[in-house]
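What follows is a set of notes on a single structure, which appears directly below.
In the text below, chain A, chain B and the rest are named by the order of the sequence lines, each starting its count at 1.
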There are 2 protein chains.
Amino acid sequence: MARKNFSKKREAIYEAICSTKSHPSAEWVYNTLKPEYPDLSLGTVYRNMNGFKDDGMILSVGSVNGQERFDGNTKPHSHFICNRCGDVIDIENVPYNMQADEVVRNVSNCDIDYHLTFFYGICGKCKNIEEDNN
Amino acid sequence: MARKNFSKKREAIYEAICSTKSHPSAEWVYNTLKPEYPDLSLGTVYRNMNGFKDDGMILSVGSVNGQERFDGNTKPHSHFICNRCGDVIDIENVPYNMQADEVVRNVSNCDIDYHLTFFYGICGKCKNIEEDNN
DNA sequence: TTCGTTGCAAACATTTTGCAGTTTC
DNA sequence: GAAACTGCAAAATGTTTGCAACGAA
């Protein structure tokens with residue numbers, strides 16, 4: 001996909017993704033921008049987000065509860081995904097293990113570009129709700 | 001979900017998932033079993049696979065091209081996903097890094113149950129196709 | 001003016017669900 | 001025989017797409 005013009009809406013969609021750490025879905029972006037852009041359409045959001053992804057401007061962090069989630073932060077970092085509420089949280093403190101890529105390269109006859117790590121469990125918010133109910 | 005009876009079809013579905021290293025989708029399981037069980041329905045496959053997942057008998061390895069993929073091997077291991085053909089391949093040679101869970105536990109106030117690592121790149125098969133075309 | 005971009009709505013693909021009938025224990 | 005399970009088909013959900021109108025260079 002060749003994106004030539006940079007429309008106001010396209011800019012707003014990209015800004016919205018980059019301005020949050022919530023790893024938004026297309027629906028989140030749509031709902032967030034709808035008040036300011038009442039004639040925004042969901043198709044446009046999908047089209048642009050796919051374009052950003054193809055261009056490497058944003059990353060997919062996989063599907064949570066059936067919705068694909070994205071990250072405007074393209075620097076390598078890990079994620080935590082809450083098995084209860086589905087929140088996706090950045091983990092910045094685990095250094096990227098380049099050696100792992102090398103190991104896999106040597107044993108798998110695949111070209112390894114990069115790896116992603118996802119931690120799973122219960123987030124702080126959900127833990128608190130649990131405690132409040134006891 | 002409480003599964004009490006263990007029907008023939010349920011058994012066949014579980015067997016099918018465990019008997020392959022292809023990390024199958026629901027559709028794959030359905031198509032594989034359909035010849036032997038002509039009255040099998042896709043709904044049953046989905047229902048059972050979700051049940052297995054809830055019970056921890058199988059693991060989801062995320063969505064590839066819009067289809068959720070599963071793994072009957074629940075021992076901790078990593079995966080390689082081909083960015084070209086979508087194949088999911090087991091990586092058994094990268095030891096599970098328990099220390100990483102500990103680090104994240106300490107910095108995030110989340111309960112960490114486990115982590116998954118996905119390597120991305122081009123698989124051997126796709127590399128060969130590429131070379132053949134040169 | 002020319003193309004890229006958008007809104008809209010229809011089309012699609014995957015997954016879920018309600019219900020009546022069937023199987024398992 | 002009761003409870004669990006299934007087939008079927010409809011519905012729900014998330015995403016893509018065709019096309020005419022719109023907007024940016």
Please report the distance, rounded to the nearest Å, between [atom1] in [X] and [atom2] in [N].
X       : N      : atom1 : atom2 : value
A:Tyr30 : D:dT13 : OH    : P     : 16 Å
A:Asn31 : D:dG14 : CG    : P     : 11 Å
A:Glu11 : D:dG23 : CD    : C1'   : 14 Å
A:Asn48 : C:dG4  : CG    : C1'   : 11 Å

Return a single string for nucleotides 8-25 of chain C, one symbol per nucleotide in 5' to 3' order, where B is base contact, S is sugar-phosphate-only contact and - is none, cutoff 4.0 angstrom on heavy atoms. B-----SBBBB-----BS
B:Lys9 with B:Asp39: basic N within carboxylate O range, under 4.0 Å: yes
Residues B:Lys8, B:Glu11: salt bridge by 4.0 Å N-O rule: no
Given side chains that start at C-beta, do those of A:Cys110 and B:Phe119 come closer than 4.5 Å, heavy atoms only? no
For the residue pair A:Ser63 / A:Glu68, report whether a side-chain donor-acceptor contact shorter than 3.5 Å exists. no
Can you see whether B:His115 engages B:Asn97 through a side-chain donor-acceptor pair at a distance of less than 3.5 angstrom? no
To the nearest 10 degrees, what angle separates the axes at the start and end of the helix from C:dT1-D:dA25 to C:dC25-D:dG1, five pairs each? 30°
Taking B:Lys34 for the side chain and B:Leu40 for the main chain, is one N or O donor matched with an acceptor at less than 3.5 Å? yes
Joining Ile, Leu, Val, Met, Phe, Trp and Tyr whenever any side-chain heavy atoms lie under 4.5 Å apart, the cluster holding A:Ile81 also takes in A:Val61, A:Val64, A:Val88, A:Tyr96, A:Met98, A:Tyr114, A:Leu116, A:Phe118, A:Tyr120, B:Val61, B:Val64, B:Ile81, B:Val88, B:Tyr96, B:Met98, B:Tyr114, B:Leu116, B:Phe118, B:Tyr120
Examine B:Leu59 and B:Met57 and state if one hydrophobic cluster contains both, with Ile, Leu, Val, Met, Phe, Trp and Tyr joined whenever side-chain heavy atoms are less than 4.5 Å apart. no
